[in-house]
Structure formats: structure tokens, C-alpha cells
Amino acid sequence: MEEVKILPYGIANFEDLRSKNCYCIDKTMYFQKLEDAGSFLFLIRPRRFGKSIFLSMLKDYYDMSRQDCFDVLFKDLWIAEHPTREKGKYQVVYFDFSQASAGNGDLKANFHRYCSTQLNVFATRNARYYDEGFCEEVKAFGTNSAAQLTYICAQAKEKRIPLYLIIDEYDNFTNNVLNEQGQAIYHALTHATGFYRDVFKLYKSNFSRILMMGVSPVTLDDLTSGFNIALNISTDPRFNMMLGFSETEVRTMMQYYKDCGRLEADIDALIAEMKPWYNNYCFAEDSLGVDPKMFNCDMVVYYLNSLLVFGKSPKQMVDVNTRTDYTKMKKLIELDGMGDEQRSVIREIAAKGKIRATLNYSFPAERIYDEQNFISLLYYYGMLTMTGTSGDRLELSIPNNNVRKQYYEYLLTEFQHVVKMNLLVLGDVFYEMAYKGDWQPALQLIADAYRKTSSVRTLIQGERHLQGFFTAYLSTNAYYLTAPEMEMEHGYCDLFLMPDHVRYPQTAHSYIVELKYLSEKEGEDRADTQWTEAVEQIRRYAQDEKLQQMCRGTKLHLLVAQFRAYELVKMEEMK
């Protein structure tokens, strides 16, 4: 009987994945498409989307020194029966620049030390293709990796051996510099005679093929004149499904473990639970409505690992490892402190769940805070995804609950700096709200905290601020999924608290909340009219069939709260 394949949780090396009998989702059909696309390629995808394992697989396929392992490594994969014309044609130089910052030296020393180590490995692996003493010559340059690479490229050219450069996390090194040491040092590295810029100049003239992957176009833009030959295929529809998992791929994987007796749950139910958390990514405008939406592959494996090990889905749907990624992202988008314009963008996205924008394909670090660049950066980090078009612009939306929680946590952190609320106390009243239907204490606590923000002039007064404040604090509850601006048959409700019966099946109450804002200048007539309209709206929303299904048998409460500036005017439940 065949041994059950191991779930590849945390594995980013293709040889390890195959030698350890791990489950493998086949992406080798994209090799030919990459060959056809061009010789010098650049692709951006969010973190945790399978870039490293894909590039590791690519390295093993094209490297001539790995051809004796081809049958073992690629057995039963698409490429085994459909090899490309360039299979095993190259010697591959492989760098992972997420490793280039480590060490006790300065930036330049650490970078060259890492690259030198990788080039020494290259020399040892490929020594048989060169004259005697090749390895010794490479090592004789010490940690001068630029000199090592120049020598290797010259020797390869003399032997007529084509070289393929693969760089994973091409921007990780510079993003860390930008985060930790600021714009000035980053600029010195990537402009004029900066060593990082010089390295990329060396790359562009010495390789037959180059493929680089990263998480943003910022560094490449700043290196433009040093490295101006790469074709950006990040929004090319041919590669929309190359990284991440499609629903079909996820179902096939689950069915494998079910057939092996390792998984007992209903697959449809599992997919239904996963989709709101991990799915909904699209990376090409021409793929909208054509390709299926893509899952974040690391999140899928995290979820499935819990099912196989513990027999149930994870209590925390967000993998704690991703929080480190979002912390890094948060630091990068806050370089030198965000202004009101950028905070307003984040509040709008958090409140509406989407934004109209023009996606910029490259921009320098010093222009990150231009509005369209800032929105584009959120997209590249996976904080937004393509969901439609609106005239000549894209509609970019929060892809899923995993990301939505990052927005809410960002807002919450900002609000907690202004008015410190005891979240443990808030959690206690959320329990009463979920199990007993006693909603007044929770909403009154939030309303009281909102009133106290009136003294902070940097906060923008208005309906969006009100909605963002309530959304941020309501999202801290464990018993509901907080859905802002949810589309109903008769419009968009401000907030819907959908019971999470998977984790808290005893939750007995669900809520629609309509928040209405009055300026200090608006009179009582306007207040009365607004209240009447809100009551009519929320009662229409309550008739929505989709809403009734999502309430899952709980008692639905219809709540309307009206504020004048920062003061609560009234808050009532409608029958």
C-alpha cells in the first residue's frame, strides 16, 4: 500500500518536498509559458503565495547539474511528459535575498558574504564543466561576490555555457533597509554608485535568462537604469493562476486525504469555511470573470494541517506566522509617518471594503505616499485584489477576512493610542451580546469611547470615521465575523455581525447595525428624517434572503444608532 503523502507545511525547497514524499500541486505547465514570455522576467506576488517553492522547482528543472535527478524529482508531474526545449540547458545561479541581511558586518559586507557563499556552492556543483582549479579560483576572491560572479560569467561564456539567474525575494534586502535604516541609506544603495545598483548592472549583461520575484515594484523602479531589461509579467493573465491554489486544486488535495482515510469532514463544508478567509485573489484584469479566484496557498496548508493533525479546523483562522509579514508591511507603509491622506485611504478601504484606483506598475520609494502609489502598494502586498472595473479604473477590494482583520487591527491600534479601551471588558460584554442578546453594554462602551476621540484634532470627523471606529472595535469579538457595507437586495447595510457557528455554535443572536451621522449644524428636522429613513432601510435589509441564511437560525436584532458629531443622540432596537 502506498504511503500517504505528507502535507508540505513550511517546506520551501522542491527537492525536500519530493524526497520526503510530500503532496505536490503541479505547476510545471507554466514552464513553457515562462520560456515563451521572454528571457528577462519579473513577477510580484504577495507573501505566502508559493514563490519560493516554485522558484526552487524551476531551478531543479533548468539546471544541467540536476538532470540526473530529473526522473525522480519530476515523476508524475506534467512536465515529465511535456519537457520544454530548454530543459536542463542552463547552469543556474540562485539567490534568496531574504537571507542577505544576516551577519555582524555592515550592509555591504553582509550582502556580499551571502552572495559569495551561494557562488561558492555554484562553483562546487558545476566544477566538472570547467577547467581544473575553477573552484579554487572562485574561492580566491574571498567575499568579493561581484568579482566572483564576473569570473564565473567569463568562464561560462568561454565554455559557451548559458547561465540562468533566479532571485527569490529580490526586494527583501532593500525593504529591510528601508524599514530599519530609512530613506537616505536606501537611496544610497539603489542610486548613483550604490553597491546594490552596481550588482544589478552586472546581472543584466551576463545572463541568458533572468527571473526575479518579490512583493513590490519599488526597488526595481529605483534600480531602473541599473537594471532596465526585465519584463513585468505580474498582471499578465497567462500567469494569473501560476502561484496560489485554485479551488479545484484545493478540492483535489482534500479529496486525496479523504480517500486515504485521513480526512472525514465534508469537503463542500470545508471549502465554504475557507473561502471567506483565504480566497478571492485575482492578479490580472483580463482574468476577471474568466479564471477562478485564487487561494493563498500557505493559508490553505495551515488550515488543512489542523484538520489532519487535530481532526478539526483551526480555532484561529489566521496563521500566527502571517502576523510577522503584516507587521513588516505596516512598518514599510508607515515610513516617516503617514499623513492624513493615507490614513483616510485606509479608513475608506476598511469601511467600504473596496476602492477605485489606477494600478501603478512601478514607483520609487520616495513616492510611496502619492495616493495611487500607496493604493497600488496595498494591492501588491495582498491587502487589496482586483474584483472589477469602474470606467477607466480598477475596483480593488479587501480579498478576505484574513486581510480584513489586518485593516481592523491597524485601525484599532490607531484608536487605542487615542482612547485606551479595556478590551477584556469589551470581550465580556460581547459574550453577553452573543449568547444572551444583551447588546446595549457593548455598543454603549464603544459609543462612549468614540465621544472621547472628539479632543483629537488629527482624527477626521464624519461618517467614515464613525463607521471605522465601530468596525474596528466590533471586529475584536470572537463570536462574529464583522462584515461592513454588506450588499443586500435593497442596498448596503453599515455592519452585519454574522455568527461564527463553526467555532461558537452556541451563539444565539446576530445583528445588523445602521450608524447615522449628523453634523453639528444639522437641525432636528434633518435628524428626524434621517432616523425615519434608517428605520425603513434596516427593516428592508432584514427581509433579504441571503441575510436570513447567514443568520443561521439565530435571533436577528436590528439596531440603529444616531450620532451628532461625536455625541450619541439615540440608539434603539427596531422590531
Side-chain angles (χ1 to χ4, degrees), residues 43-49 51 171-172 175 178-179 214-221 232 234-235 243-244 277-285 288 293-294 296 299 318 322-390 393-414 460 464 468 471-472 475 484-485:
L43 182 129
I44 302 167
R45 284 294 182 268
R47 297 189 187 280
R48 311 278 174 178
F49 248 84
K51 295 187 294 295
D171 53 346
N172 187 284
N175 283 347
L178 202 53
N179 274 336
V215 296
S216 93
V218 173
T219 297
L220 194 68
D221 185 275
N232 189 340
S234 303
T235 57
L243 299 178
W277 286 94
Y278 310 141
N279 193 30
N280 206 38
Y281 290 94
C282 177
F283 302 106
E285 182 178 343
L288 289 166
K293 299 297 178 68
M294 301 301 290
N296 179 308
M299 293 292 95
V318 181
T322 65
R323 296 193 179 277
T324 302
D325 297 332
Y326 287 114
T327 298
K328 290 179 180 178
M329 183 215 70
K330 181 172 176 287
K331 286 179 67 177
L332 185 59
I333 66 175
E334 288 185 325
L335 289 173
D336 301 324
M338 284 196 299
D340 287 342
E341 185 179 344
Q342 291 76 37
R343 290 190 179 91
S344 180
V345 165
I346 287 182
R347 290 191 192 111
E348 179 181 350
I349 294 169
K352 296 174 64 177
K354 60 185 177 182
I355 196 167
R356 290 176 69 239
T358 298
L359 185 65
N360 290 339
Y361 299 110
S362 67
F363 43 89
E366 63 190 23
R367 299 284 300 278
I368 279 178
Y369 286 133
D370 291 1
E371 181 174 329
Q372 295 304 309
N373 291 343
F374 183 71
I375 295 170
S376 297
L377 188 65
L378 293 174
Y379 163 80
Y380 289 120
Y381 276 128
M383 300 294 285
L384 293 168
T385 193
M386 297 182 190
T387 51
T389 57
S390 180
R393 297 187 184 185
L394 282 167
E395 182 181 272
L396 301 176
S397 303
I398 298 175
N400 48 52
N401 292 332
N402 183 13
V403 175
R404 185 172 285 109
K405 286 186 76 69
Q406 312 310 317
Y407 279 100
Y408 295 164
E409 288 179 12
Y410 181 89
L411 292 178
L412 188 67
T413 300
E414 185 180 28
I460 300 171
R464 285 298 175 206
T471 300
S475 70
E485 293 280 336

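Quick note: numbers below take in every heavy atom, side chains included, and nothing from hydrogens, waters or symmetry partners.
- Few gaps surround CZ on Arg356; more than 12 heavy atoms of other groups in view lie less than 6.0 Å from it.
- Note that the CD atom of Glu414 and the CZ atom of Arg347 stand 4.5 Å from one another [nearest 0.5 Å].
- Here the OH atom belonging to Tyr408 is positioned 14.5 Å from the OG1 atom belonging to Thr413, to the nearest 0.5 angstrom.
- Across Met386 and Ala284, no two heavy atoms sit closer than the pair SD-C, 3.5 Å.
- With hydrogens and angles disregarded, a donor-acceptor distance shorter than 3.5 Å links the side chain of Thr385 to the backbone of Cys282.
- Looking at every heavy atom in both residues, Val215 comes nearest to Pro46 through CG1-C, 4.3 Å.
- Nearest heavy-atom pair across Ala351 and Pro484 is O-CB, 3.5 Å.
- Across Arg47 and Asn296, no two heavy atoms sit closer than the pair O-ND2, 3.9 Å.
- Contact of the Tyr407 side chain with the Leu378 side chain is registered, since non-hydrogen atoms from C-beta on lie closer than 4.5 Å.
- Taken from CG in Leu396 to CG in Leu359, the straight-line distance is 6.5 Å, to the nearest 0.5 Å.
- Ring-plane geometry between Phe374 and Tyr369 is classed as tilted, the angle between the planes lying from 30 to 60 degrees on a 0 to 90 degree scale.
- Rounding to the nearest 0.5 Å gives a distance of 7.5 Å between CG of Leu394 and CG of Leu288.
- The closest side-chain heavy-atom distance from Val218 to Asp171 is not below 4.5 Å.
- Of all heavy-atom pairs between Met383 and Gln406, the closest is CE-CB, 3.8 Å.
- For the atom pair Thr387 OG1 and Ile398 CD1, the distance stands at 10.5 Å (nearest 0.5 Å).
- Atom OG1 of Thr389 is separated from atom CD of Glu285 by 6.0 Å, given to the nearest 0.5 angstrom.
- Heavy-atom minimum distance, Tyr361 versus Tyr380: CA-OH, 3.3 Å.
- For the pair Asn402 (side chain) and Val318 (backbone), a donor-acceptor distance under 3.5 Å is absent.
- Side-chain atoms of Tyr381 and Val403, non-hydrogen and from C-beta on, never get closer than 4.5 Å to each other.
- No donor-acceptor distance shorter than 3.5 angstrom exists from the side chain of Asn280 to the backbone of Lys293, with no hydrogens or angles considered.
- Checked by atom type and distance alone, the side chain of Asn373 never pairs as donor or acceptor with a backbone atom of Phe363 at under 3.5 Å.
- Counting only distance, with no hydrogens or angles, the side chain of Arg404 and the backbone of Trp277 share no donor-acceptor pair below 3.5 Å.
- Within the 3.5 Å criterion, the main-chain N or O of Lys354 finds no donor-acceptor partner in the side chain of Glu395.
- With hydrogens and angles ignored, the 3.5 Å screen pairs no side-chain donor or acceptor of Ser362 with any backbone N or O of Pro217.
- Checked by atom type and distance alone, the side chain of Asn360 never pairs as donor or acceptor with a backbone atom of Ser376 at under 3.5 Å.
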